[in-house]
K.L.:
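Sharing a structure here in structure tokens format.
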2 protein chains.
Amino acid sequence: MSLEHAILGFLREGPMTGYDLKNVCFDESASHYWTADQSQVYRTLDRLESRKLIRAKRERQTTRPDRKVYSMTDAGTVELDAWIARTDPPPPLRDPFLIRLRFASDLPADDLLGLLRDRRGALQERLESLRVRSAEEPAEPPDRAALLHRLTLDAAVADVRAGIDWIDDSLELLEARIEQEDPTPPGGQSRLFSPTRGARGTVTDEGSAT
Amino acid sequence: MSLEHAILGFLREGPMTGYDLKNVCFDESASHYWTADQSQVYRTLDRLESRKLIRAKRERQTTRPDRKVYSMTDAGTVELDAWIARTDPPPPLRDPFLIRLRFASDLPADDLLGLLRDRRGALQERLESLRVRSAEEPAEPPDRAALLHRLTLDAAVADVRAGIDWIDDSLELLEARIEQEDPTPPGGQSRLFSPTRGARGTVTDEGSAT
DNA sequence: CGGTAATATATGTTCTGTCCTATACTTGTT
DNA sequence: AACAAGTATAGGACAGAACATATATTACCG
């Protein structure tokens, strides 16, 4: 359902081909909150067309293969507006990493901490790439649609940051607990230099304070 | 894959039936980071058994229908440990609400704000139920496994709070923008009493500061 | 001339997850 | 006696998504 309406949303802003939807809309514009496979896009377009929510116009091209330019119908606009006004519960958190963590109690202490640090690194990378994308957007959104797009980026950033902060808190709790369980640190190695965590601020205001 | 390993994880802590896995493990213990359908649990158990990662023992019961108690095999333990040590990228954010928001620019201002406020309410409810569940857990986790379980709860709480904070920021930005676009507030209704947002602290320290 | 990349669409297959229905036995309620 | 609720397992049907592969055209590069 969501993909259908995302496509309707994009098509309302202007006619487009399946190719553009995939490579421009989903890969470049919406990938931080929704992704879609190429095959999924084309099949969904077929379905939307057969339901008369969009309409296709085949275009002969001399320099490129033929393409089908889709545009909204009135029925499509109605359907989209109805869907947008709908309210349904926020999607539940669903993260394999938390399964791992939950059952990682038998891991050697270092591996356990390593698990968290790896995840932290991955989130940090994601945050950086979101920062880049954010920077590409106009600082002052020109219209309401641009502002809403900006808000979706903010949501993704907030999500990743929350993950990083949670990891930092978890690392602290775990390190304390591990020390308490085994009061003999292995050869001064674990406590003496700890590349564990940067200052919290570094995470929060994206590097400017490094 | 994840469900399989979640089941292996639970079974490592002790033999269990499909019924218990569904009603105790997934519905009560793990629901804040992973859920599973009843039919999915039983089918996954079948699959794990056929792959020799778990083993079933049929138990005749006089007072209740027969049940199959599953327990781990050595192969299952190996598989679980390997999976836990694996590192894969954090799941991308994937939220239909952000699709709605992104394409909601044509909505009347009040409806747009209503969309966000509704979502905020739903998240607040979720936060409350997490708070209740958190309170049921021992304040000081007795062992490492209990600590890890606690961390998963913290992750869920952090996730929901990030969502609420993001909404609050978004409401502020949107209200400013709407006012700027239409400098004539409709009959003093929108600005005079604004049930829009509680103090930020209220969200963060769960109601004690109401 | 051959290979790769970009443009453009389409289909087959598989997996995960959800919903629904069915079956069977026991206990407690009306 | 009928019915609901709890315990316990199972399977059909289907939607959404992921993965793989196929095909056609043109442009560019070595």
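First the proteins, then the strands, lettered A, B, ... as listed; each starts at 1.
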K.L.:
How many whole angstroms separate atom CG of L21(B) from atom P of dA8(D)?
P.N.:
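Interatomic distance, CG of L21(B) to P of dA8(D): 12 Å.
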K.L.:
Just the atom pairs and distances: protein N or O near nucleotides 3-7 of chain D's N or O, under 3.5 Å.
P.N.:
{"residue": "dT7(D)", "atom": "OP2", "partner": "Y19(B)", "partner atom": "OH", "Å": "2.8"}
{"residue": "dT7(D)", "atom": "O5'", "partner": "Y19(B)", "partner atom": "OH", "Å": "3.4"}

K.L.:
If you check the K68(A) side chain, which of dA17(D), dT11(C), dA10(C) turns out closest?
P.N.:
dA10(C)
K.L.:
Where is the tightest heavy-atom contact between T152(A) and L98(B), given as atom of each residue plus distance?
P.N.:
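Distance-wise, the nearest heavy atoms are CG2-O, 3.8 Å.
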K.L.:
Give the rounded distance in Å between these two atoms: CZ of R60(B) and P of dA24(C).
P.N.:
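It works out to 15 Å between those atoms.
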K.L.:
Quick one: which of dT9(C), dG16(D), dT16(C) gets closest to the side chain of Q40(A)?
P.N.:
dG16(D)
K.L.:
Kindly assign one of parallel, tilted or perpendicular to the pair W83(B) and H5(B), based on the angle between their ring planes and the thresholds 30° and 60°.
P.N.:
parallel
K.L.:
Rounded to whole Å, how long is the line connecting atom CD of E59(B) with atom C1' of dT9(D)?
P.N.:
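That distance rounds to 15 Å.
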K.L.:
Taking the basic N atoms (NZ, or NE/NH1/NH2) and the acidic carboxylate oxygens, is any pair closer than 4.0 Å for D159(A) and R126(A)?
P.N.:
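Looking at R126(A) together with D159(A), the answer is no, because their closest N to O distance does not fall below 4.0 Å.
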K.L.:
Respond yes when some side-chain nitrogen or oxygen of R58(B) is under 4.0 Å from OP1 or OP2 of dA8(D), and no when none is.
P.N.:
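No, outside the criterion.
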K.L.:
What is the separation between atom OH on Y42(A) and atom P on dA24(D), rounded to the nearest whole Å?
P.N.:
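Value for this atom pair: 16 Å.
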K.L.:
Contact class for N23(B) vs. all strands (heavy atom < 4.0 Å): base, sugar-phosphate, or nothing?
P.N.:
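No contact at all - N23(B) keeps every heavy atom at 4.0 Å or more from the nucleic acid.
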K.L.:
Hey, does the side-chain of R43(B) have a donor or acceptor N/O within less than 3.5 Å of a partner on the base of dG12(D)?
P.N.:
yes
K.L.:
In this structure, how many angstroms lie between the P atom of dG16(D) and the NE2 atom of H5(A), rounded?
P.N.:
11 Å
K.L.:
Picking from dT9(C), dA18(D), dC19(C), which would you name as closest to the side chain of D37(A)?
P.N.:
dA18(D)
K.L.:
Select one nucleotide: of dC19(C), dG16(D), dT11(C), the one nearest the side-chain heavy atoms of Q38(A).
P.N.:
dT11(C)
K.L.:
Does E59(A) pair with K68(A) as a salt bridge, N-O distance under 4.0 Å?
P.N.:
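Between K68(A) and E59(A) there is no salt bridge, as every charged N stays at least 4.0 Å from the carboxylate O atoms.
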K.L.:
Parallel under 30°, tilted from 30 to 60°, perpendicular over 60°: which one fits the rings of F10(B) and F103(A)?
P.N.:
perpendicular
K.L.:
Which is it for R12(B) and T77(B) under the side chain to side chain donor-acceptor pair (under 3.5 Å) test, yes or no, and what are the steps along the way?
P.N.:
CA-CA 7 Å; R12(B) 173 147 73 179; T77(B) 307; 5.3 Å; no
K.L.:
Does S2(A) reach a base, just sugar-phosphate, or nothing at all? Heavy atoms under 4.0 Å.
P.N.:
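Nothing, no heavy atom under 4.0 Å.
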K.L.:
Measure CG/L48(B) against P/dT9(D) and give the value in whole Å, please.
P.N.:
15 Å
K.L.:
Write down the distance between CH2 (W34(A)) and P (dG16(D)), rounded to a whole number of angstrom.
P.N.:
10 Å
K.L.:
Taking only Lys NZ, Arg NE, NH1 and NH2, and the carboxylate oxygens of Asp or Glu, determine whether E137(B) and R150(B) approach each other closer than 4.0 Å.
P.N.:
no
K.L.:
Could you check Y70(B) against S39(A) and say which one's nearest nucleotide on DNA chain D is further toward the 5' end?
P.N.:
Y70(B)
K.L.:
Would you mind reading off the distance between K22(A) atom NZ and dA6(C) atom P, rounded to a whole angstrom?
P.N.:
14 Å
